[in-house]
Amino acid sequence: MLRIRPFRALRPAATLASRVASVPYDVVNTKEARELADGNPQSFLHVIRPEIDLPDNTHPYDDSVYDKARENLDRFFHEGVLVEDDAPGIYLYRQVMDHRAQVGVVCCCHVDDYANNVIKKHEKTRPDKEDDRTRHTLTLEANTGPVFMTFRDQPDVMELMAHDMNQRPIYHFDAPDGVTHTVWRAENPDDYVRAFGSIEAAYVADGHHRSASAARAGAELNAAHPDAGPDAEFNWFLSVLFPASELQILAYNRVVKDLNGMTTDAVREALAATGTLEPTDQPVPADPASYGVYLDGSWYRLTIDPASIDRTDPIGSLDVSLLQDRVLTPILNVGDPRTDQRIDFVGGIRGADELKRRVDAGDAAIAFFMYPTSIEQLLAVSDADMVMPPKSTWFEPKLRSGLFVHRLCP
């Protein structure tokens, strides 16, 4: 069963929450992070993308980057930008985007539950990114970004959440991207601990590198402090747990740089052989196993015959797998999407216009608008202990960083 516990959060003073809260480290590059933090010394980007405070040519994995991150976190604490709670707590974190709300429980989960697959995963991690976040965590002695997780709806948890959202929030603000963020402190944290104790599993939705690095940091600190015991703070990591019914996955679209030496007519003919291909003015697919295809200045709808799909196969039946197996590899000769430089991925939040722009500008030769993976498919893949193809899910809105920091060695 799943273990959670409250923690003494290091979090912004109420009047500073909107200035501190930032996008996650992995959705912006250094240039974008520098622009977002410009003129705002309290932006949490100074902690999670600290190279913005160093010379332009600084390598993102240089020693100075991690030292600057620690320096900036310590500065935030000493200047009162971040204040540590007097007692451990659990929080509710609501995000509203386009009139749609999702509410998660902010708490800590145990690294052993991650290791023993009580916390289930569906993606592989990249060693370089995992190394980076592990070093960042150990240098700061803190989890600075929460792991975005989900769980199958549990009535007792939902009842507690509804009760606590009737209180006065501790934060309420609109971010620059239009998403409204609201945070409440739970009245009785122990009630949440008991309620989650009846849940068999949680699922990493977004944050596989953060959860893997938290587990690695815990292992290293356990080795350094063998007498600390399993309840030591470094054996717990910052998490936000959302009921599955509240989450929406957006499409993660594909663009391919060339047509593998084929003419556009030949590509159209090959696509038509995989299913039904017809012109359309509606590029966003309305059903699974259908794709919006932008090629040679026009949109098409590609539909794969549902009878040809084995829906009992959790991986093979995914729309991203069907596209890879029936189009990208056999027609366009795209290899492993993790390493093939001819393919790129575009979050569904950017819409069809971004796909059209990339092809029209010559940055790509063909684009595919995907039908999104469902949360039920994500859970099924995780339950089967399988790994989704890369870039299968795009969660929006993203959790803001800086609203909660979990110190590993308080």
Side-chain angles (χ1 to χ4, degrees), residues 4-25 33 36-50 69-97 99 101-108 140-148 160-192 233 236-242 246 397-408 410:
I4 71 164
R5 82 170 183 182
F7 68 106
R8 289 181 61 195
L10 190 62
R11 56 186 183 85
T15 57
L16 297 178
S18 62
R19 289 183 59 80
V20 173
S22 76
V23 297
Y25 81 99
L36 286 172
D38 185 39
N40 182 9
Q42 295 160 340
S43 169
F44 205 65
L45 287 167
H46 294 287
V47 174
I48 57 176
R49 294 306 296 257
R70 179 60 187 254
E71 177 187 325
N72 287 340
L73 181 62
D74 289 346
R75 173 175 65 82
F76 277 25
F77 179 67
H78 292 307
E79 291 179 357
V81 175
L82 297 178
V83 180
E84 190 166 37
D85 283 337
D86 292 334
I90 283 175
Y91 305 85
L92 301 180
Y93 177 15
R94 183 181 70 192
Q95 300 167 292
V96 179
M97 184 181 78
H99 308 291
Q102 60 185 36
V103 186
V105 177
V106 185
C107 58
C108 282
L140 277 66
E141 297 180 301
N143 305 133
T144 56
V147 178
F148 186 148
L160 290 170
M161 294 171 70
H163 170 79
D164 282 323
M165 285 189 290
N166 283 323
Q167 303 178 71
R168 181 185 179 91
I170 58 176
Y171 302 136
H172 181 77
F173 63 92
D174 293 330
D177 58 5
V179 177
T180 301
H181 302 263
T182 309
V183 174
W184 297 264
R185 186 178 175 113
E187 192 173 60
N188 295 302
D190 289 346
D191 291 344
Y192 285 86
E233 201 65 40
W236 299 83
F237 63 95
L238 183 60
S239 309
V240 185
L241 291 149
F242 289 87
E246 297 201 352
K398 303 293 186 185
L399 302 180
R400 287 263 149 174
S401 292
L403 293 176
F404 309 95
V405 175
H406 169 234
R407 299 215 292 184
L408 303 183

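Fair warning: this is a prediction, and the values are worked out from it, not measured in the lab. Scope of the values below: all heavy atoms of this structure, side chains included, with no hydrogens, waters or symmetry mates.
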> Residues two or more places apart in sequence or in another chain: which of them pass side-chain contact (heavy atoms from CB on, under 4.5 Å) with Q95?
Replying inline: Y93, Q102, V179, H181, F242, P397, L399

> Taking atom NE2 of H406 and atom CD of E141, what is their separation to the nearest 0.5 Å?
Replying inline: 12.0 Å

> Side chain of R8, backbone of D85: donor and acceptor closer than 3.5 Å?
Replying inline: yes

> Side-chain contact, heavy-atom cut-off 4.5 Å: L241 with C107?
Replying inline: yes

> Could you walk me through whether I90 and V106 pass the side-chain contact (heavy atoms from CB on, under 4.5 Å) check?
Replying inline: CA-CA 6 Å; I90 283 175; V106 185; 6.0 Å; no

> Can you check whether I48 reaches S22 side chain to side chain, under 4.5 Å on heavy atoms?
Replying inline: yes

>> Do R11 and I170 make a side-chain contact, defined as non-hydrogen atoms from C-beta onward lying under 4.5 Å apart?
In response: yes

> Does any non-hydrogen side-chain atom of F7 lie less than 4.5 Å from one of P88?
Replying inline: no

> Mind checking what makes side-chain contact (heavy atoms from CB on, under 4.5 Å) contact with Q167, not counting sequence neighbours?
Replying inline: D164, W184, E187

>> Quick one, T180 and F173 - any side-chain contact, counting heavy atoms below 4.5 Å?
In response: no

> Within a strict 4.5 Å, meaning less than it, do heavy atoms of the E79 and P41 side chains meet?
Replying inline: no

>> So, taking the atom named CG in L160 and the one named NE2 in H163, what distance separates them when rounded to the nearest 0.5 Å?
In response: 8.0 Å

>> Is the shortest side-chain heavy-atom distance between V183 and L92 below 4.5 Å?
In response: no

>> Can you tell me how the ring of Y91 sits relative to the ring of F404, calling it parallel under 30°, perpendicular over 60° and tilted otherwise?
In response: tilted

> Do you know which two heavy atoms are closest between G80 and L16, and how far apart they sit?
Replying inline: O-CD1, 4.4 Å

> If only atom types and distance count, is the side chain of R49 paired as donor or acceptor with the main-chain N or O of Y25 below 3.5 Å?
Replying inline: yes

> When you check the side-chain N and O atoms of H46 and N72, is any donor under 3.5 Å from an acceptor?
Replying inline: no

> Taking C-beta and beyond as the side chain, do T144 and L238 meet within less than 4.5 Å on heavy atoms?
Replying inline: no

>> Please evaluate residues V47 and L140 with respect to the criterion side-chain contact (heavy atoms from CB on, under 4.5 Å), reporting the C-alpha separation (whole Å), side-chain torsions for both, the decisive distance (0.1 Å), and the verdict.
In response: CA-CA 9 Å; V47 174; L140 277 66; 3.6 Å; yes

> What distance do S18 atom OG and R400 atom CZ have between them, rounded to the nearest 0.5 Å?
Replying inline: 10.0 Å

> For L10, what residues pass the side-chain contact (heavy atoms from CB on, under 4.5 Å) criterion, not counting sequence neighbours?
Replying inline: L73, F77, L82, E84, V405, R407

> What do the steps show when you test R5 against E233 for salt bridge (Lys or Arg N to Asp or Glu O under 4.0 Å), and what is the final call?
Replying inline: CA-CA 10 Å; R5 82 170 183 182; E233 201 65 40; 2.9 Å; yes

> Is there a side-chain contact (heavy atoms from CB on, under 4.5 Å) between L45 and V23 once you walk through the steps?
Replying inline: CA-CA 8 Å; L45 287 167; V23 297; 4.3 Å; yes

>> Tell me if a side-chain donor or acceptor on N143 pairs with a main-chain N or O of G145 at a distance below 3.5 Å.
In response: no

>> Checking the side chain of Q42 only, and the main-chain atoms of V20 only, is there a donor and an acceptor separated by less than 3.5 Å?
In response: no

>> Once rounded to the nearest 0.5 Å, what's the spacing between atom CG of L36 and atom OG of S43?
In response: 7.5 Å

